[in-house]
2 protein chains.
Amino acid sequence: MASPDTRIVDLKKLQLACEECSLHELCLPLELQHEDIEELDRIIHKRRPLHRGDYLFRMGDPFRALFAVRSGSIKTYTNTDEGEEQVTGFHLPGELVGLDAITEGCHPCAARALETTSVCEIPFERLEEISTHIPGLQRQLLRLMSREILTEQDTMIWLGKKSAEARLAALLLRFSDNYRRRHFSPTEFNLSMSRTDIASYLGLAVETVSRLFTRFQHEGLLEVERKHVRLRDLEGLRRIAGVESCLHNHC
Amino acid sequence: MASPDTRIVDLKKLQLACEECSLHELCLPLELQHEDIEELDRIIHKRRPLHRGDYLFRMGDPFRALFAVRSGSIKTYTNTDEGEEQVTGFHLPGELVGLDAITEGCHPCAARALETTSVCEIPFERLEEISTHIPGLQRQLLRLMSREILTEQDTMIWLGKKSAEARLAALLLRFSDNYRRRHFSPTEFNLSMSRTDIASYLGLAVETVSRLFTRFQHEGLLEVERKHVRLRDLEGLRRIAGVESCLHNHC
DNA sequence: CGTCGCTTTGAGCCATATCAATACGCGTGG
DNA sequence: CCACGCGTATTGATATGGCTCAAAGCGACG
């Protein structure tokens with residue numbers, strides 16, 4: 001058993017780590033007792049940062065751990081029938097990667113860093129073990145997965161229905177919100193992914209994405225210079241994106 | 001404690017119920033011990049059948065239970081900004097409904113029966129309770145949710161990328177597979193949903209869906225008469241749908 | 001037998017894909 | 001330090017798939 005003093009010290013270190021990680025409201029269930037948080041922290045492995053292009057895992061790799069993005073960004077993708085990359089998601093700080101691998105026991109998609117990126121590795125077996133005696137953790141896990149399902153459903157809807165401009169606007173706003181939550185500028189940031197990646201993710205042609213950026217710029221919605229964007233009219237973008245995330249608003 | 005005899009009887013009843021329900025490989029983890037299965041069965045509530053148009057739950061209803069479709073079919077939907085229905089999913093026997101409600105604690109979409117439909121109701125609180133002392137159950141729950149995420153991702157991809165004909169073909173094949181698994185004819189069945197529902201779900205115009213059916217028929221891929229379809233060329237449909245479910249094939 | 005809702009069919013148009021060419025930025029080697 | 005070359009991004013011209021609007025067909029049900 002830890003003495004009160006060391007417990008305080010440990011907790012401080014932990015708090016800092018997870019503040020920094022900006023996952024504190026997400027991956028750390030606030031209801032958990034101190035001992036439980038410590039136990040959780042003990043199994044989480046902080047990896048050395050990935051560099052641009054590094055694989056977090058490859059398609060078909062055995063599933064051993066979930067990953068929480070702490071900083072940077074990750075893209076996940078599969079291959080289409082014709083062998084091209086099909087981007088299935090962009091994962092920003094505070095988001096989990098690998099939830100889709102639990103069922104089959106291996107990763108159905110590959111994950112690569114889009115820039116210098118650090119992640120927490122959460123060994124799944126051990127997470128399952130400790131969650132059997134920490135009810136709050138189990139519940140939190142289910143909630144996280146449910147949230148993921150909700151998000152995917154949401155995405156599905158706008159991919160199915162919305163116009164190209166709505167899709168791009170929605171994506172930019174998603175980035176913006178993530179930055180805001182992490183106390184970075186919600187209006188000025190760099191896109192870590194290529195136009196091709198964006199196009200693939202949004203189900204559009206690269207040319208369309210490019211044209212949209214130029215058009216948005218002409219319309220005064222944003223300024224864009226290669227990877228760097230500055231959103232000048234969030235309200236306008238929201239209007240274009242449609243009252244996004246319809247699913248969340250009715251509860 | 002039950003005597004050996006009654007246990008056997010109970011199990012038989014249960015097996016039958018779940019054979020019929022065709023969820024045995026899905027919602028009943030095979031690794032579970034008999035006692036565990038019995039405990040699970042005890043909390044599952046078999047409702048009286050719903051009729052066409054009946055609500056299973058409405059948007060915003062508090063989340064109390066997951067539902068497993070035993071027979072019939074359910075559609076889930078939200079409302080778009082303009083107040084029209086946006087179908088988010090069709091749920092066939094063996095599939096779960098409500099997984100997206102766990103996070104928020106209330107249903108982000110409504111669910112209605114498309115035909116006479118029976119479901120099992122699985123009170124979530126109690127499921128969580130018993131899964132704390134049945135590790136296999138917990139794991140199975142996570143797997144189920146992971147599978148759901150995978151499926152949604154899959155759907156997302158073809159909604160984003162694929163042509164109208166590929167979407168419709170993929171949907172028909174999904175129905176076909178479900179019927180095959182349940183030992184019904186995989187080539188001849190009734191569509192329980194309207195053309196409008198199909199269109200909404202696939203992100204297409206009703207007219208397009210209608211035209212596609214006629215075209216498929218002319219091309220000898222299927223025969224269609226109102227709700228009744230007969231798939232005549234599964235291979236052809238698969239070709240059109242694209243090697244669907246790319247995500248599952250790489251593990 | 002008429003009405004109503006759902007489905008099909010037709011005609012024209014628009015958004016986005018496709019094809020093709022050019023521009024830009026960045027790293028490399030001379 | 002410059003010139004080259006390659007990958008990425010932009011821009012233009014054209015084609016087309018799917019949407020929209022409009023109307024007619026068909027079934028179910030009172």
Side-chain angles (χ1 to χ4, degrees), chain A residues 51-53 75 77 80 82 84-87 112 114-115 158-172 190-219 222-229 240-242, chain B residues 51-53 75 80 82 84-87 112 114-115 157-172 190-219 222-229 240-242:
Chain A
H51 297 111
R52 178 183 170 77
K75 76 166 169 183
Y77 62 93
T80 64
E82 299 86 33
E84 300 147 18
E85 264 184 36
Q86 164 64 54
V87 176
R112 303 179 75 173
L114 287 164
E115 61 195 308
W158 53 260
L159 280 188
K161 267 227 142 48
K162 301 273 182 92
S163 65
E165 53 175 21
R167 297 183 201 192
L168 183 58
L171 185 65
L172 291 172
N190 283 300
L191 299 168
S192 55
M193 65 294 294
S194 69
R195 300 284 192 269
T196 312
D197 285 340
I198 295 176
S200 168
Y201 179 63
L202 296 180
L204 300 173
V206 201
E207 295 94 325
T208 307
V209 172
S210 186
R211 275 186 254 270
L212 281 171
F213 272 120
T214 7
R215 209 175 85 208
F216 282 177
Q217 176 149 9
H218 285 152
E219 293 170 353
L222 50 76
E223 289 163 31
V224 58
E225 164 102 29
R226 260 180 122 44
K227 303 265 178 208
H228 185 260
V229 291
I240 288 176
Chain B
H51 297 111
R52 178 182 171 79
K75 77 167 170 183
T80 65
E82 300 86 34
E84 299 147 18
E85 263 184 37
Q86 163 65 53
V87 175
R112 301 180 76 173
L114 286 165
E115 60 195 309
I157 291 175
W158 53 262
L159 280 189
K161 265 226 144 45
K162 301 275 182 87
S163 64
E165 53 174 23
R167 298 184 200 193
L168 184 58
L171 184 65
L172 291 172
N190 284 301
L191 299 167
S192 55
M193 67 293 293
S194 69
R195 300 285 192 266
T196 311
D197 285 340
I198 295 177
S200 168
Y201 178 62
L202 296 179
L204 299 173
V206 203
E207 296 93 326
T208 306
V209 172
S210 183
R211 274 185 255 271
L212 281 171
F213 272 120
T214 357
R215 211 176 82 209
F216 283 177
Q217 177 150 8
H218 285 151
E219 293 170 354
L222 50 75
E223 288 164 31
V224 58
E225 164 103 31
R226 253 176 129 46
K227 302 265 179 209
H228 185 260
V229 291
I240 288 176

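So you know, we letter chains A, B, ... as the sequences are listed, proteins then strands, and number each from 1.
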Novice: Any side-chain N or O of B:T208 under 4.0 Å from OP1/OP2 of D:dG18?
Specialist: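 Looking at the OP1 and OP2 atoms of D:dG18, neither is under 4.0 Å from any side-chain N or O of B:T208.
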Novice: Over how many whole Å does the gap from A:F216 atom CZ to D:dT11 atom P extend?
Specialist: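 Spelled out: CZ on A:F216 to P on D:dT11 is 15 Å.
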Novice: Grab the NE2-P distance between A:H228 and D:dT8 for me, whole Å please.
Specialist: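 It works out to 21 Å between those atoms.
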Novice: So, do A:Y201 and A:L171 sit near enough that their side-chain heavy atoms are less than 4.5 Å apart?
Specialist: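 The answer is yes; the side chains approach within 4.5 Å.
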Novice: Using a 4.0 Å heavy-atom cut-off across all strands, classify B:K227 as base, sugar-phosphate, or nothing.
Specialist: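 Sugar-phosphate: the residue B:K227, judged by heavy atoms under 4.0 Å, touches backbone atoms but no base.
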Novice: So does B:E225 reach the base of D:dC26 with its side chain, donor to acceptor, closer than 3.5 Å?
Specialist: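 A donor-acceptor contact between them is absent.
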Novice: Which nucleotide sits closest to the side chain of A:S163: C:dT16, C:dC19, D:dA9?
Specialist: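 When the side chain of A:S163 is considered, C:dT16 is the closest of C:dT16, C:dC19, D:dA9.
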Novice: Can you check the A:R226 CZ to C:dC24 P distance for me, whole Å?
Specialist: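 For the pair A:R226 CZ and C:dC24 P, the rounded distance is 11 Å.
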Novice: So, is A:S210 near the phosphate of D:dT11, with a side-chain N or O under 4.0 Å from OP1 or OP2?
Specialist: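 Answer no for this pair, as no side-chain N or O of A:S210 is under 4.0 Å from OP1 or OP2.
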Novice: Between D:dT20, C:dC19, D:dA9, which nucleotide gets closest to the side-chain atoms of B:E207?
Specialist: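 Selected nucleotide (nearest to the side chain): D:dT20.
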Novice: State whether B:E207 and B:R211 are salt-bridged, where the test is any N-O pair (Lys NZ or Arg NE/NH1/NH2 against Asp/Glu carboxylate O) under 4.0 Å.
Specialist: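 The answer is no: the pair does not qualify as a salt bridge.
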Novice: D:dT11 phosphate, OP1 or OP2: any side-chain N/O from A:T214 under 4.0 angstrom?
Specialist: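 Yes.
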Novice: Let me spell it out: for each of B:V206 and A:A164, pick the nucleotide of DNA chain C with the closest heavy atom. Which residue's pick is nearer the 5' end?
Specialist: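 Upstream on the strand: B:V206.
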Novice: Just checking A:S194: base, sugar-phosphate only, or nothing, at a heavy-atom cut-off of under 4.0 Å?
Specialist: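 A:S194: backbone/sugar contact only, no base atoms under 4.0 Å.
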Novice: Distance criterion of 3.5 Å, no angle test: do you see the side chain of A:R215 paired donor-to-acceptor with the base of D:dT10?
Specialist: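 Under the 3.5 Å cut-off, the side chain and the base do not form any donor-acceptor pair.
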Novice: Calculate the interatomic distance between A:Q217 atom CD and D:dT11 atom P; express it in whole Å.
Specialist: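 These atoms are roughly 9 Å apart.
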Novice: May I ask you to test the A:L159-B:I157 pair for a side-chain heavy-atom distance under 4.5 Å?
Specialist: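 Of all side-chain heavy-atom pairs linking B:I157 with A:L159, none is under 4.5 Å.
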Novice: Using a distance-only criterion (donor-acceptor N/O pair, under 3.5 Å, no hydrogens), is the base of D:dG17 paired with the side chain of B:R211?
Specialist: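 Flag unset: no donor-acceptor pair detected.
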Novice: Whole Å only: how far is the NZ atom of B:K161 from the P atom of D:dG17?
Specialist: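 These atoms are roughly 17 Å apart.
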Novice: Whole-Å distance between C:dT9 C1' and B:R195 CZ?
Specialist: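 Spelled out: CZ on B:R195 to C1' on C:dT9 is 14 Å.
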Novice: Heavy atoms under 4.0 Å, any strand shown: does A:A205 hit a base, just sugar-phosphate, or nothing?
Specialist: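 Result for A:A205 = base.
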